[in-house]
Structure formats: C-alpha cells, structure tokens
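First listed ligand is number 1; within each ligand, the first listed atom is number 1. Along the sequence shown, residues carry numbers from 1. FYI, side chains are in, hydrogens and waters are out, and symmetry mates aren't considered; it's all heavy atoms of this structure.
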Amino acid sequence: MPYTSTHWGIREIITGKDGEPRLIPYDADPDANDFGLDQLSDAVQSKRVLRPAVRESFLQQGAGATGAGRGEDQFVEVDWDAALDLAASEIARVRGTQGNGAIFGGSYGWSSAGRFHHAQSQVHRFLNSVGGYVAHRNTYSLGAAHVILPRVVMPMGALMNGHTDWDTLAEHCEIFVSFGGVPTKNAQVSAGGVARHRLRGALRRMAERGVRFVNIGPERDNIDPVTSAQWIGVRPNTDTAFMLGLAYVLATEELVDREFLQSHCVGYDQFEKYLLGESDGVAKTPDWAASISGAEAHDIMVLARQLGGSRVMLNMAWALQRAAHGEQPCWMLVTLAAMLGQVGLPGGGFGIGYGAVNSIGSEGKRLPAPTLPQGTNPISDFIPVARIADMLLKPGSTYDYDGEQRVYPDIRLIYWAGGNPFHHHQDINRLRRAWQRPETIIVNECYWTATAQHADIVFPATISLEREDIGYASLEHHMLWMSPATAVLGEARDDYDIFAALAERLGAGEVFTEGRTARAWLEHLYGQSRDRMSEAGQKLPEFSEFCQSPPLHLGGRERKVLLEAFRRDPVAAPLATPSGRIEIFSDAIAALGLDDCPGHPCWLPPAEWPSETGLRPEQLHLLSDQPAHRLHSQLDSGAASQRSKKGGVEQVRLSAADAMRFGLAEGDTAVLSNERGQCLASVHIQDGLMAGTAILSTGAWYAPNQDGLDQSGNPNVLTADVGTSKLAQGSSAQTCLIKIEPYSVSST
Ligand SMILES: Nc1nc2c(c(=O)[nH]1)N[C@H]1C(S)=C(S)[C@@H](COP(=O)(O)OP(=O)(O)OC[C@H]3O[C@@H](n4cnc5c(=O)[nH]c(N)nc54)[C@H](O)[C@@H]3O)O[C@H]1N2
Ligand SMILES: Nc1nc2c(c(=O)[nH]1)N[C@H]1C(S)=C(S)[C@@H](COP(=O)(O)OP(=O)(O)OC[C@H]3O[C@@H](n4cnc5c(=O)[nH]c(N)nc54)[C@H](O)[C@@H]3O)O[C@H]1N2
Ligand SMILES: [Mo]
C-alpha cells in the first residue's frame, strides 16, 4: 500500500472506484483528522499554478517596472526556458550590481512535509550555491521565546525536544495549569508530519490518574472536556499580570521555595522588590492583578494557595508570546515555576506549548534525520523573521535586536519558496506597500496564493502528492517512503528541478546538484541517516526495501523530565545562562537599558491597549488563532476548511454579550476594522469566551475588493506589524484592537 506524509498526518493512497487516487487517514493513527483528504479535488486543484508566469509590465519593461503594481497587474504565461532565463538573469544582475547582500532569501514558511523536497531548504541551498542571501532568524511561532528563554533558562532546541513527557505527567503531576488551554485543534499538526496523534489520549490518561486541570485565558473550551478543567477567564495579553498576582500571594504567604531560589536561581531578591512594590510603589496584589486581567482577586488567591506545596506543571500556549511584550509571559512562567520550586521535578515545572503541536510532550527519542544539507551562506546578514516589511520600507535604518543595534539591508530581489507572507505577516496592507519596493520578486508556488499574485516571476511547483520523498519528523517515531499519488499537473516542476536549472544558468549547477537526480539524493540521504541511526541503535532496512515498506515505527522511547539533571546538581549540570542558573533577574538584559524589556519579568501594558480599566466601548481585542480545520493558509479552498466557514467567509467568534452590544446575530456578516484595514467575517457566538474578545482564525486567502475590504476574513489586514520588544522583535499578532459592525453595502 503506498503512503504519503503531511504535516497533519500520514495518508494512505488508494484507488477509488473511478480509478482515481484517493487519500484516506492512516489506520494506525488513533485520532486522525480530515485535512486535505480532497487535495486532488477540483476545489483545490483549480487554484494550482500550471505554467510559469510573469507579471505583464515586468515582462514588457523589465525589473523595477511599476505598471499597475504588484498584486494588480495581469500575468502572462511564458515557457520554461524563457522564465528560467529571465529569473537567472535577474539574480545575476542584482548579484553584479548590488551583491548577494541585496537578495532576501529568508523565505519563511511551512511548505510541505518530506525531508528532501522541503522548499525552504531547497531555496536556501540554491541561494548559498550562488553566493548567499540575507536570511531570517527565529520564527513567527516563537519569536519572543527564542530570544528570552535562552538568556534566562535554556536554549530553544533543548527545550522543544526536552519537555517532560505525557506519561510522566500522568504519573506525577497533581495540578496542570495552562495559560491558553491545551488546544487539540493545534496538536493536529507537527512540522514534518505526524503518525499518531497523541494529545487527546494523553489528556485522558492524566484525567484518569486524577490530575487537576486549570485553564486560564479568554477562552474556556480550548482544552479537551475530558480534563474537566476549571476555567479562570482573563483578558488577552494580561497573563503576566495574573501570574504576578499569584507570585505575590506565594511571596507574602511563605509559599515560596526559598531554598530552590537560593541554590538554582539568581536575582529573586531584585524581582521580589518589584513584586512587593518596593521598587515602583505598586504591590502586585491579587486585587491589582484582577483589575488588569479581569479575573476575580479571590480566584487568584485561592489558586496560589493550592499551587504552593503541590506538584505543579505550568504551561503556556505559544500565542501568549506572539503579542506585545511577549517575552514577559515566558519569563514570568519560568519565574513562577522556580518560586514554587518545581523545576526539574517529575510532573512539575514549566512547559512552553503543550498542545501547540503534536510533538510537545512526546516520549520519542530524537534520532538523526535525513536532511538536505543547505551549504554555507557567505552573507552573514539576517533579519528577525517578522521584521520583513520594516526592512523593505526602511533600508539603511537602524533597529535593536537581542542586544545589538543592526542596520536593515537594501533589498533589491526577493526569492520565496514554500511560504505565504501574504498569509503570515501582520498588517498586510503595509506589507503590500513594502512589497512594491524591490526590483524583482520571484516565487515558487503550487497555488495562486496572494504571495504568488504579488510576484514578478512565478514558477509552478509540484505538490508532494506528485513526488517521491522521505517522511520523517523528530519526536514522532516514524519514517516512511512517500509515494507519488498522481501525475504532475500542468507544467509544474519540483523546486529541486527549478533550482537545478537556475543554478546551471548561474554556473553553479554542479555545486547545487552534486551530480544527483532527486531519486539519487533520496537514496543518498536515506543511506546517511541509516548509518547514523544505526549508531544510535536504530536499525533501518536497505533503501530498496524501505521504498516498498509501510511506515516504519522507530523505537527509542524515553522518559523525560525537563531540567532534571540541573535540578539534581546545578553545579555539575549548569544551565547555559550567564550565571549557569535560572535568571529571575538578568544583568545582561538590564545592562541593555531597554524600556520595553527591563532586567526582570514585569507587567508592561501593550501600546495598543485600552487602558488599565477596560476597552473603550466601541472596541474589541482581536485574537487570531491557528485555524482548527486547516494548516495556516494551506488548502483553504478544500472541504475541511470550507466547512468551517459560512458562505466561504471565515467566522469571527464573539461572546453573546458582545454580539448583542454590536447588534449582531449568529450568521450575520460583520465588518471588522481599524486604522490598518478591514475585512468581512461571519458572526459565530461562542459560549465561554470573555466579553471584549473576538477571535478570527488565520489563513483565509486575502481577497481585497476595490475599496481594500478583504472579502475572505483574513485577520492580518487588521493586526499590527510591531515587534514584541527591542529585545526579540517577534511578531505581536495577538495585540490588536478592532471595531465591529454589521455589514451593509454602504458600510464600505
Ligand atoms: N495574525 C496571525 N498571523 C500569524 C499567526 C498568528 O497566530 N496570527 N501565526 C504565525 C505562525 S506561528 C506561522 S508558522 C505562520 C505560517 O505561515 P506560512 O508557513 O507561510 O503558511 P502556509 O499557509 O503553511 O504557507 C506555506 C506555503 O507553501 C506552499 N507550498 C506547499 N508545498 C510546497 C512545495 O512543495 N513547494 C513550494 N514552492 N511551495 C509549497 C503552500 O502552497 C503555501 O502557500 O503564520 C503566522 N501568522
Ligand atoms: N489546526 C492547526 N494546528 C496548528 C496550526 C494550524 O495552522 N492549524 N499551526 C501550528 C503552528 S505553526 C503553531 S506556531 C502552533 C501555534 O500554537 P499557539 O500559538 O499556541 O496557537 P493559537 O491557536 O494561536 O493559540 C492557542 C490558544 O491561546 C489562546 N490565547 C490567545 N491569546 C491569549 C492570551 O493572551 N492569554 C491566554 N491565556 N490565552 C490566549 C487562544 O484562546 C487559543 O485557544 O499551532 C500549530 N498547530
Ligand atoms: Mo508557527
């Protein structure tokens, strides 16, 4: 039986009665979903890029042509050789005139599963082979965490692979407190693929063992009902204040593990001065925390007393740090776990993103994966990933990042493969203006996404169902041969072949391909991985046998307790922080003198913030969460995604009180707007949602009408394009205020 792999699960490829290929969920997956089962249907395939295409005025006038502008001009289909010649000559021209430092190849995005045909790896390898490019650093997922957590506790790689596993939690944890739920919808995916969806089963085992769950946040039902979680409603972006309220009770009621703070941490005393109000005159009492977060002071007090002395796991959704001052909830969560003395104990401590993806909490051992080497980049310049529009709009200007003052490069050419910035970036209208500035934009895409529509040269890329590949994801226990399900549509080519042809034209063919076909690369990468896995004690079959096998289940389960060795002996196993301990006060961060990230965790109201007392009557705080029925913007026209919409428009979730306040009823079309943009959405009333909060999932395909009103319900026409702070410069998508009103044609 042939199989393929996707970020959302393994699929079996069968032949339907009509002789056409069909995808069905993998039968060994206990909790499979229905994403993309119709990837070969007309609804999805009709969006494909079939032939190379060039923006009309670019074709006529060359680089820098404005015409109607990117995103407005028509496209003209051209043959492959013409498109490849044009793209290669543009790369050569910019290299010759401005150097490789004028090429942005950051090209962020999830693209498809499969280790070899991973578009981002391919574009980076290609650009390295022709002299390098300006890269990106960190992710949209964890922009703030990537910078703050290594400075105060541990590197991200070790953290992401090292979370205490679910079974250990079931065995030892007494109270599991989560800020932002443990959303089953999110654990449907893992970068690189999922063989077995484990979250629901894990939560059931914990509930059966009597673990108590507390869910804190604006949404009640983002945790499986099997947990019978207690819900404490807090306004978006206020978790740090809430946690400070808990910390205040611990500190003033002698519930703090002072011995642990002494032996494993630095800087608690300075932090405590802030906590008690000695340094700033404001004691962070439960009343104070309640006034900011909207929770009850009594609930904060009771919860803090329950936490003191119990085995407690504190978890936060990644969404909390995708917000203004997103560094603070991460730092405060670790501080709270340290005050409770729980770090490094089985079932206790902290977690960043249980539920965010399937891999967190996995008992899988990390094995050496087959990965395409990307070569070395002679250009050292980079931007924090979410600063792309700033870079394009402000070449030569300075910005702060992670303790450095840096200068934005002057980008003349962008190459994007495997991502959709017109889905993922904040303030799309601003991005659209910024996107007009480079001389040339080249995009490899399978579908006519908004990013493809805003390019000069578009190369049609194959989808993974048209390719062979190797499926493997770290911590997911599987490896499989991905068989093609169908013939290539139109004139699409693999990213690898596109880059090989461009490299050839630029005199780097051999460097890029090393003389291998795609099949030869797969055999080579598999062989390398097989050798390294064998050293790690994991036997794999010969390549020819692997290509015929069903998904392999890899062994190597291990019990994991995050920071266990450090807990046992902080001198023998110090952390990689400057002090070797958990830094509740960081001298290094304090020395930077940043007004938006001082030397210890603290409450800093976001710039886009109603006031200490609440929203202005006409405003709502908009959260844009990950979509439950698709991955980001992928396969948005497919059945699973469309079922979650109303009339093809994304649904905005509101509390009943807010719906009434704004004269809206279930199913009404509403206009969401602010000074950055406006979009339509269909109203859905959700129980258990804090009044004042609206939620519109990401991923609807940006479709502005002539007045700039997005017809699809894409929240990124509303979100602000501002860094989390001068420290991390992560995306702050979750800090966004909007107005909402019933849609009538005149309201545009
Ligand atoms: N407002 C708001 N915005 C957000 C977020 C949020 O919470 N709120 N979350 C952010 C986060 S965490 C993330 S990770 C990003 C996700 O943003 P992206 O990763 O950019 O989103 P995707 O839709 O997965 O884009 C992948 C693209 O790759 C294309 N693709 C698939 N396979 C191939 C292939 O083989 N070759 C090529 N060339 N292309 C291929 C797909 O068609 C698709 O267009 O969004 C971010 N944006
Ligand atoms: N189905 C599906 N799953 C996905 C993805 C997808 O596109 N589709 N994308 C994947 C990717 S790339 C990533 S990075 C992860 C992201 O994982 P997260 O960033 O954690 O995901 P979100 O869905 O944005 O938010 C999770 C929950 O946080 C809550 N929340 C938001 N803001 C706040 C706040 O200020 N305080 C509190 N207490 N709660 C808050 C929301 O109610 C939401 O239910 O998801 C991954 N999983
Ligand atoms: Mo992400």
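Among Gln120, His118, Arg467, the residue whose heavy atom lies nearest to atom 35 (O) of ligand 1 is Arg467. One option in Ser731, Ser141, Gly109, Ala191 has a heavy atom closer to atom 12 (S) of ligand 1 than any other, and that option is Ser141. When the heavy atoms of Glu445, Gln634, Glu466 are ranked by distance to atom 42 (O) of ligand 1, first place goes to Glu445. In this structure, of Asn186, Asp221, Thr139, the residue bringing a heavy atom nearest to atom 17 (O) of ligand 2 is Asn186. Distances from atom 31 (C) of ligand 2 to the heavy atoms of Gly699, Ser178, Ala319 put Ala319 nearest. Of all the listed residues (Thr693, Leu623, Ile360, Val189), Val189 holds the heavy atom that lies closest to atom 10 (C) of ligand 2.
Checked by atom type, the side-chain pair Ser725/Glu327 shows a donor-acceptor distance below 3.5 Å. Using modelled atom types and a 3.5 Å distance limit, the side chains of Gln426 and Ser731 yield a donor-acceptor pair.
The proximity of Asn420 to ligand 1, defined as any non-hydrogen pair under 4.0 Å, involves the side chain as well as the backbone. With a 4.0 Å heavy-atom cut-off, ligand 1 is reached by the side chain of Thr719 but not by its N, CA, C or O. Contact annotation for Ser633 and ligand 1: heavy atoms of both the backbone and the side chain come within less than 4.0 Å of the ligand. Of the heavy atoms in Ala119, only side-chain atoms (C-beta onward) come closer than 4.0 Å to ligand 1. With a heavy-atom cut-off of 4.0 Å, Ala187 does not touch ligand 2 at all. Under 4.0 angstrom from ligand 2, the non-hydrogen atoms of Lys185 come from both its backbone and its side chain. Contacts with ligand 1 closer than 4.0 Å are made by no heavy atom of His425, backbone or side chain. Contacts of Tyr354 with ligand 2, taken as heavy-atom pairs under 4.0 Å, are absent altogether. Proximity of Trp8 to ligand 2, defined as any heavy-atom pair under 4.0 Å, is not found for any part of the residue. Contacts between Ile216 and ligand 2 below 4.0 angstrom, taking non-hydrogen atoms only, involve the backbone exclusively. Of the heavy atoms in Asp625, both backbone and side-chain atoms come closer than 4.0 Å to ligand 2.
Contact annotation: Pro218 has at least one heavy atom less than 4.0 Å from an atom of ligand 2. No heavy atom of Arg235 sits closer than 4.0 Å to any atom of ligand 2.
Atoms of ligand 1 found under 4.0 Å from any heavy atom of Asn444, numbered from 1 in the order shown, are 37 (C), 38 (N). Taking a cut-off of under 4.0 Å to the non-hydrogen atoms of Thr449, the atoms of ligand 1 that pass are 44 (O). Proximity to Gln734 (heavy-atom distance under 4.0 Å) selects the following atoms of ligand 1: 6 (C), 7 (O), 8 (N). Atoms of ligand 1 lying under 4.0 Å from any heavy atom of Ser624, numbered from 1 in the order shown and given with element: 1 (N), 2 (C), 6 (C), 7 (O), 8 (N). Annotation for ligand 1: atoms under 4.0 Å from non-hydrogen atoms of Thr462 are 35 (O). Counting the atoms of ligand 1 from 1 in the order shown, those under 4.0 Å from a heavy atom of Tyr447 are 42 (O).
From the protein, the heavy atom lying nearest to atom 14 (S) of ligand 1 is Tyr108 OH, 3.1 Å. Nearest protein neighbour of atom 34 (C) of ligand 2, counting heavy atoms only, is Asp239 OD1, 3.4 Å. In terms of protein heavy-atom proximity, atom 27 (C) of ligand 2 is closest to Gly180 O, 3.4 Å. Among all non-hydrogen protein atoms, the one lying nearest atom 2 (C) of ligand 2 is Pro627 O, 3.1 Å. Looking only at heavy atoms of the protein, atom 37 (C) of ligand 1 is closest to Asp495 OD2, 3.5 Å. Scanning all protein heavy atoms for the shortest distance to atom 46 (C) of ligand 2 gives Ala356 O, 3.1 Å. Distance from atom 40 (C) of ligand 1 to its nearest protein heavy atom, with residue and atom name: Cys446 SG, 3.6 Å. At the top of the distance list for atom 41 (C) of ligand 2, counting protein heavy atoms only, stands Glu219 OE1, 3.5 Å. Of all protein heavy atoms, the one closest to atom 11 (C) of ligand 1 is Tyr140 CB, 3.6 Å. Of the protein's non-hydrogen atoms, the one nearest atom 22 (P) of ligand 1 is His632 CB, 3.6 Å. Residue, atom and distance of the protein heavy atom nearest to atom 20 (O) of ligand 1 are His424 ND1, 2.7 Å. Given atom 9 (N) of ligand 1, the protein heavy atom at minimum distance is Gln626 NE2, 3.6 Å. Nearest protein heavy-atom neighbour of atom 21 (O) of ligand 1: His423 CD2, 3.3 Å. Shortest contact from atom 33 (C) of ligand 2 to any protein heavy atom: Leu320 CD1, 4.0 Å.
Geometrically, Arg48 does not engage Trp448 in a cation-pi contact, judged by NZ or CZ lying under 6.0 Å from the ring centre and within 45° of the ring axis. A cation-pi contact links Arg125 to Phe512, judged by a cut-off of 6.0 Å to the six-membered ring centre and 45° from its axis.
Within the 4.5 Å cutoff, no side-chain heavy atoms of Arg220 are placed close to those of Leu689. Between Val312 and Leu314, some side-chain heavy-atom pair lies under the 4.5 Å cut-off. Taking the side chain as every heavy atom from C-beta outward, Ser464 and Met482 approach each other to under 4.5 Å. Leu149 is listed as a side-chain neighbour of Cys330, based on a closest heavy-atom distance under 4.5 Å. No side-chain heavy atom of Asn215 sits less than 4.5 Å from a side-chain heavy atom of Ile232. Using a 4.5 Å heavy-atom cutoff, the side chains of Thr371 and Leu525 are not in contact.
Checked against the 6.0 Å centroid criterion, the rings of Phe104 and Tyr133 do not qualify as a close aromatic pair. Taking the six-membered ring for Trp and the full ring otherwise, the centers of His629 and Phe35 sit at least 6.0 Å from each other. Ring-centre distance between His163 and Tyr354: below the 6.0 Å cut-off. Phe422 and Trp701 have their aromatic ring centers separated by at least 6.0 angstrom.
None of Tyr496, Trp416, Trp80 except one satisfies the ring pair (Phe, Tyr, Trp, His ring centres under 6.0 Å) rule with Phe459; the exception is Trp80. Between Trp8 and the choices Asn358, Val194, Asp34, Val189, the side-chain contact (heavy atoms from CB on, under 4.5 Å) rule is met once, by Val189. Just one residue in the list Asn716, Asp721, Asn420 forms a side-chain hydrogen bond (donor to acceptor under 3.5 Å, both in side chains) with His425, and that residue is Asp721.
No N or O atom of His629 sits closer than 3.5 Å to an N or O atom of ligand 2.
Using the six-membered ring where Trp is involved, Phe126 and Tyr415 have ring planes that are perpendicular, over 60° apart on the 30 and 60° scheme.
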Yes or no on side chain to side chain donor-acceptor pair (under 3.5 Å) for Glu476 and Ser190, after CA distance, side-chain angles and deciding distance?
-> CA-CA 8 Å; Glu476 294 292 350; Ser190 255; 2.9 Å; yes
